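Heads up, the thing below is written out as structure tokens.
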Amino acid sequence: MTLSSALTIINSSFAATAAQSSTIASNIANVNTPGYVRQIANQATNGYGGADVVSIARQANVALLDQLNVSTSESASQSAIAKGLAALAQTVNDSATASTATGVLQNGPSPSAMLANLQSALTTYAANPGNASLGQAAVTAAQSVTASLNGGAAAVQEVRSQADAQMAACVGSINSLLAQFSGANAQIVAGLATGANVVPAQNARDSILTQLSQQVGVSTTTNSDGSMSIYTDSGVTLFQETARTLAFSPTPVLTAGASGSAVTVDGIPITGAGAPMQIASGALAGFAQLRDTIAPQYQAQLDQIAGGLVSAFAETDQSARPTQPGRPGLFTFPGATGVPVNTAVTGLAGQIEVNANVDPSQGGSVTLQRDGGISSPGNPAYTYNASGGAGYSARLTELASQIDAAQPFNPAAGLGASASLSGYANASVSWLQGQNQQANDASTFQSSVVAQASAALSNASGVNLDAEMTNMLNIENSYTTSAKLLTTVNSMFSALINAA
């Protein structure tokens, strides 16, 4: 080996040491940076017998990154559903104890609890039908039932409207992230073609992909030029050479029975019952399920309870030869002309009210509950207490028993085709609480899965500070050795020159 070749080797050693030191310094500086992947300086022997840093690579783990993204999508979906169901569950929060005017203690604002209050109030009134105060207590209990149903319907509309707004926010985020992904993707392709360091762009692309998976479930493929294509978990293309645009028209007010618009990609719906390629995970999928399926089902149950109330408390023609149609009695709704069938009660929970004819504050009389004629005061066809006796209790007893009497319900609401009014209301509360608990458990579980996947990815591709500090010491030792060699070679050159 000549002294010249020795100098060349020493110079390449200094250059390689500098590149390795810079790489290690970057790793140390980003030890707490989310999504940062440890960099490695790859070396190769050059023609002089020295070592050159030929590339900077990442210690990436594609399988673990994919698992993290899948887990993130599932967690985001369950979290969206859980938050909406938690809001709906407040309508059946039976933790607070309330006292009725009759002194009977019942729990909470749920339709189930309020129906129990009403049944108790009617039974108490029937035991002393001449007591106007007990009649007023029954009216108050009936108003609590309608308030519970009105409040539940309002909560459903609020949850659906909020979910719709969140869907719009998700769409905006997805379009923005796809635009950012396009820039990082192009930088990687160009860098790989020219041999430039693309590690920062690759880190950025992975980070964008993880953020994207928060909004919608995705899968990816990597192409031969280093570019990446993105698809939804249902197979719709989101990015392939260029970003696709998601479109969505928000619906600020979603009344009962109204459907929100679908999210589309190049005109293809990816949310909604009619979507041919419906997404299954991500926050967007969770909000869509909440808006289009879960909340409407609870609305349908509330509407069925409201329809069952109008039907159970309706008045019929008491004539020897009935000719008049049934009409709403204690419970009615604006514009009511008859008793609705259970297939035509959409939105009724938000409209049901106590008939003004039994409310003294509106000029009514509480005794009409006892005597009948609520639907048409003074009309003998709907009068049950024909004698007008103050001790008449048969109608009150009948009304109280109607709450436990079987009647038909629309099975499309998910709680069967026949049940008592009280049984159906209880089943609705149980359904909602069960859905809420299930969603909360799923959200908690998926959050733990994300934490585990993130930890596994960090262990496999993240920065270990102790290891990096050890590597830095090794590089410093290598630098010191090269410096000593340089000193020795310089001394030899000086000796040769002096000898000459």
Side-chain angles (χ1 to χ4, degrees), residues 34-37 39 55-77 167 169-248 262-272 275-286 288 450 453-454 456-457 460-461:
Y36 181 83
V37 177
Q39 298 182 21
S55 65
I56 304 297
R58 301 190 309 155
Q59 187 175 288
N61 191 308
V62 176
L64 287 177
L65 179 62
D66 288 344
Q67 180 59 50
L68 174 62
N69 290 339
V70 169
S71 301
T72 298
S73 296
E74 291 289 347
S75 179
S77 175
M167 289 174 66
C170 287
V171 169
S173 295
I174 292 170
N175 285 331
S176 175
L177 289 167
L178 288 175
Q180 296 174 47
F181 185 90
S182 179
N185 196 63
Q187 187 177 350
I188 291 169
V189 173
L192 290 175
T194 59
N197 181 11
V198 297
V199 169
Q202 289 174 321
N203 285 343
R205 188 172 68 175
D206 285 354
S207 177
I208 293 168
L209 194 59
T210 299
Q211 294 176 63
L212 189 62
S213 67
Q214 176 80 20
Q215 307 298 328
V216 60
V218 295
S219 62
T220 63
T221 58
T222 302
N223 307 310
S224 58
D225 61 354
S227 65
M228 187 176 285
S229 299
I230 309 176
Y231 309 90
T232 67
D233 55 17
S234 59
V236 177
T237 302
L238 291 178
F239 185 93
Q240 193 171 53
E241 296 183 355
T242 59
R244 305 299 195 263
T245 300
L246 277 69
F248 178 69
V263 176
T264 61
V265 180
D266 289 343
I268 301 174
I270 60 172
T271 65
M277 303 181 77
Q278 189 177 88
I279 56 175
S281 61
L284 180 59
V450 170
S454 179
L457 180 61
S461 60

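Given the structure is predicted, the values throughout are model-derived calculations rather than measurements. Sequential numbering from 1 along the given sequence is applied to the chain's residues.
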Can a donor-acceptor pair be found, under 3.5 Å and without considering hydrogens, that links the side chain of [X] to the backbone of [Y]?
{"X": "Asn223", "Y": "Asp225", "result": "no"}
{"X": "Asn175", "Y": "Thr245", "result": "no"}
{"X": "Ser173", "Y": "Ala169", "result": "yes"}
{"X": "Ser77", "Y": "Ser281", "result": "no"}
{"X": "Gln215", "Y": "Gly282", "result": "no"}

(request) Report yes or no: do Ser71 and Gln67 form a side-chain donor-acceptor pair below 3.5 Å? (result)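 A donor-acceptor contact under 3.5 Å links the two side chains.
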(message) I need the Asn69 CG to Leu209 CG distance, nearest 0.5 Å.
(response) 5.0 Å
(message) Measuring from atom CG of Leu246 to atom CD1 of Ile270, what distance do you get when rounded to the nearest 0.5 angstrom?
(response) 5.0 Å
Of all heavy-atom pairs between [X] and [Y], which one has the smallest distance, and what is that distance?
{"X": "Arg244", "Y": "Val265", "value": "CB-CG1, 3.8 Å"}
{"X": "Arg205", "Y": "Asn185", "value": "NH1-OD1, 2.7 Å"}
{"X": "Ser73", "Y": "Ser213", "value": "OG-O, 2.6 Å"}
{"X": "Ile268", "Y": "Pro276", "value": "CG2-CG, 4.2 Å"}
{"X": "Val198", "Y": "Gly191", "value": "CG1-CA, 3.4 Å"}
{"X": "Leu65", "Y": "Thr210", "value": "CD1-OG1, 3.9 Å"}

(message) Looking at Gln180, I want to see if its CD is surrounded by more than 12 non-hydrogen atoms of other residues, nucleotides or ligands under 6.0 Å.
(response)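 Counting other residues, nucleotides and ligands, CD of Gln180 exceeds 12 neighbours.
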(request) May I have all residue pairs that pass ring-ring contact (aromatic ring centres under 6.0 Å, His included) and include part of residues 221-247, sequence neighbours excluded? (result)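 Every pair satisfying ring-ring contact (aromatic ring centres under 6.0 Å, His included) with a residue in residues 221-247: Phe181-Phe239.
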(message) The test is side-chain contact (heavy atoms from CB on, under 4.5 Å); show your working for Val218 and Thr232 and say whether it passes.
(response) CA-CA 4 Å; Val218 295; Thr232 67; 5.8 Å; no
(request) Apply side-chain contact (heavy atoms from CB on, under 4.5 Å) to Ile174 and Val263, showing your working. (result) CA-CA 12 Å; Ile174 292 170; Val263 176; over 6 Å; no
(request) Sorted by first residue and then second, give each salt bridge (charged side-chain N to carboxylate O under 4.0 Å, His left out) pair with at least one member in residues 62-71; sequence neighbours left out. (result) none
